[in-house]
Chemist: 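This is the structure, below, for whatever I ask next.
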Amino acid sequence: MSTLTERTEVASGYRAGRTLPVRVELLRQLKRRRTLVMFGILAVLPFVLVAAFAIGGEPDGRGDRITLMDTATASGANFAAVNLFVSAGFLLVIPVALFCGDTVASEAGWSSLRYLLAAPVPRVRLLWSKLVVGLGLSLAAMVLLPVVALAVGTAAYGWGPLQIPTGGSLGTGTAAQRLLIVVAYVFVSQLVTAGLAFWLSTRTDAPLGAVGGAVGLTIVGNVLDAVTALGDWRHFLPAHWQFAWADAVQPRPEWSGMIQGAAVSVTYALVLFALAFRGFTRKDVVS
């Protein structure tokens, strides 16, 4: 009696870890029109704000409330900080949702996902490459905005220390370090949106649904944070801590708010990323 044994044929030289390299996926995403358009919008924003200040005059205070906006034209560093201030709440949400939400769903929409998996690219490897590239492009978008704003602001308003609205200033070297901290915190705070978008991208074949769903849920979080009746429950909302980075642009930075915000954001993001990997590895891919 002969015994049949099941064997898995593997092509000579095949290594699962070498399939869909990150650099290949990065080049694919960089060449896409939506990537170029998104980076273009972020690069143009500082010029729009300079034109707005030139037409409307110096920014005025709002009664007794003093904000970073009041010092926007004090120096290039202030202008860069103001660009982050006006963008962190919504504009920077869009590239994160786009780069992380469009990545897997677009492959399914193009009916190329099953061919990638048949290459064969292991599912975990495919998700890992796409997640790394999505997060990398999101970080690049967040770095691009203040870098362009710093250059434009310096050309328009001069190089100088970062003027603090409540009084005092930070030297240029210290201001640069603090702005790096701000960018890092904004990126960490947006990991929730990245997790939502990436998870939705593995659940749908419609890229717009994944991107729009992530943006919509982020907006819902902002709305809930505005409901003061929720009291301390708002501390569990990532939106509650999205502007905690303002504590970094003080003479003595306060870290407690940023630590709490980062912890909340990372916790939600890890759960969402885990759900994305778990669901996709069990999913019947037909597109």
Side-chain angles (χ1 to χ4, degrees), residues 19-30 32 34-35 37-39 42 88 90-114 116-117 121-143 184-222 237-239 242 261-287:
T19 57
L20 194 61
V22 171
R23 66 178 183 279
V24 173
E25 178 64 18
L26 177 60
L27 289 174
R28 291 180 64 211
Q29 298 302 326
L30 284 175
R32 294 187 59 185
R34 52 89 156 150
T35 304
V37 170
M38 193 70 254
F39 282 159
L42 293 174
F90 180 71
L91 181 59
L92 290 179
V93 172
I94 298 176
V96 175
L98 180 65
F99 295 141
C100 294
D102 181 62
T103 178
V104 179
S106 61
E107 297 284 1
W110 297 331
S111 297
S112 58
L113 184 57
R114 56 182 173 179
L116 277 174
L117 296 177
V121 179
R123 296 192 180 199
V124 172
R125 175 69 181 180
L126 183 142
L127 286 188
W128 174 253
S129 295
K130 288 187 172 295
L131 179 59
V132 169
V133 170
L135 292 177
L137 290 176
S138 300
L139 179 59
M142 294 181 189
V143 172
Y185 179 78
V186 171
F187 174 71
V188 171
S189 67
Q190 295 294 347
L191 286 177
V192 177
T193 301
L196 279 169
F198 193 69
W199 174 63
L200 291 173
S201 185
T202 63
R203 305 297 299 175
T204 179
D205 294 349
L208 185 59
V211 176
V215 173
L217 289 172
T218 301
I219 293 174
V220 170
N222 291 335
L237 296 172
Q242 64 181 335
V264 170
S265 181
V266 169
T267 300
Y268 277 109
L270 288 177
V271 171
L272 290 166
F273 290 144
L275 287 174
F277 276 84
R278 182 178 183 273
F280 189 73
T281 54
R282 301 181 177 187
K283 182 179 180 181
D284 185 14
V285 178
V286 294
S287 57

Chemist: Which atom pair, heavy atoms only, marks the closest approach of Val211 to Leu98?
Modeler: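 For Val211 and Leu98, the tightest heavy-atom pair comes out as CG2-CA, 3.9 Å.
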Chemist: For a 4.5 angstrom cut-off between non-hydrogen side-chain atoms, does Asp102 reach Arg32?
Modeler: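 Yes, close enough: below the 4.5 Å cut-off.
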Chemist: What's the shortest heavy-atom distance between Pro95 and Met38, and which atoms?
Modeler: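 Distance-wise, the nearest heavy atoms are CB-CG, 3.7 Å.
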Chemist: Indicate the atoms forming the closest heavy-atom contact of Trp199 with Leu272, along with that distance.
Modeler: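 For Trp199 and Leu272, the tightest heavy-atom pair comes out as CB-O, 3.9 Å.
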Chemist: Report yes if the side chains of Leu135 and Leu139 come closer than 4.5 Å at any heavy-atom pair, otherwise no.
Modeler: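 Leu135 vs Leu139: side chains apart.
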Chemist: List in chain and number order the residues that pass side chain to side chain contact (heavy atoms under 4.5 Å, CB included) with Leu270, two or more places apart in sequence or in another chain; answer none if no residue qualifies.
Modeler: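 Counting only residues at least two positions away or on another chain, Leu270 forms a side chain to side chain contact (heavy atoms under 4.5 Å, CB included) with Val266.
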Chemist: Indicate yes or no for a side-chain donor-acceptor contact from Ser265 to the backbone of Ala262 under 3.5 Å, with no hydrogens or angles considered.
Modeler: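 No, because the side chain of Ser265 does not come within donor-acceptor range (under 3.5 Å) of the backbone of Ala262.
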Chemist: Within a 6.0 Å radius of atom CG on Leu208, are there more than 12 heavy atoms belonging to other residues, nucleotides or ligands?
Modeler: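 No, because the 6.0 Å sphere around CG of Leu208 holds 12 heavy atoms or fewer from other groups.
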Chemist: If you measure from CG on Leu196 to CG on Leu275, what distance do you get to the nearest 0.5 Å?
Modeler: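 Reported value, rounded in 0.5 Å steps: 10.5 Å.
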Chemist: Sequence neighbours excluded, which residues qualify as side chain to side chain contact (heavy atoms under 4.5 Å, CB included) partners of Leu200?
Modeler: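 With sequence neighbours excluded, Leu200 shows a side chain to side chain contact (heavy atoms under 4.5 Å, CB included) to Ala210, given in chain and number order.
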Chemist: Please identify each residue that fulfils salt bridge (charged side-chain N to carboxylate O under 4.0 Å, His left out) with Arg278, with sequence neighbours left out.
Modeler: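 Expected list: none.
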Chemist: Taking side chain to side chain contact (heavy atoms under 4.5 Å, CB included) as the test, write out the residues that go with Ala269, two or more places apart.
Modeler: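 Listed in chain order: Leu191, Phe273.
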Chemist: A side-chain contact here means heavy atoms from C-beta on lying under 4.5 Å apart; do Leu92 and Leu42 qualify?
Modeler: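 Yes - at least one pair of side-chain heavy atoms lies under 4.5 Å apart.
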Chemist: Output all residues satisfying side chain to side chain contact (heavy atoms under 4.5 Å, CB included) with Thr103, sequence neighbours left out; order by chain, then residue number.
Modeler: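 If we apply the side chain to side chain contact (heavy atoms under 4.5 Å, CB included) test to Thr103, skipping adjacent residues, the hits are Glu25, Lys130, Phe198, Ser201.
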Chemist: For residues 132-141, pull every pair meeting side chain to side chain donor-acceptor pair (under 3.5 Å), keeping only residues two or more places apart or in separate chains.
Modeler: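 Passing the test, one end in residues 132-141: no pairs.
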Chemist: Which value, rounded to the nearest 0.5 Å, describes the distance between Ser129 atom OG and Gln29 atom CD?
Modeler: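 Those atoms lie 11.0 Å apart.
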Chemist: Taking the side chain as C-beta and beyond, is there a heavy-atom pair between Val132 and Leu26 under 4.5 Å?
Modeler: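 With C-beta onward as the side chain, the pair stays apart.
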Chemist: For residues 215-222, tabulate all N or O donor-acceptor pairs below 3.5 Å that involve a side-chain atom, not counting sequence neighbours.
Modeler:
residue	atom	partner	partner atom	Å
Thr218	OG1	Thr193	OG1	3.0
Thr218	OG1	Ala214	O	2.8
Asn222	OD1	Gln242	NE2	3.4

Chemist: For Phe99, check ring pair (Phe, Tyr, Trp, His ring centres under 6.0 Å) against everything at least two apart and list the hits.
Modeler: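 So Phe99 forms a ring pair (Phe, Tyr, Trp, His ring centres under 6.0 Å) with Phe39.
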Chemist: Measuring from atom CZ of Phe277 to atom CZ of Arg282, what distance do you get when rounded to the nearest 0.5 angstrom?
Modeler: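 So the gap between those two atoms works out to 14.5 Å.
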Chemist: Under the ring pair (Phe, Tyr, Trp, His ring centres under 6.0 Å) rule, collect the residues that match up with Tyr268, sequence neighbours excluded.
Modeler: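 Tyr268: no ring pair (Phe, Tyr, Trp, His ring centres under 6.0 Å) contacts found.
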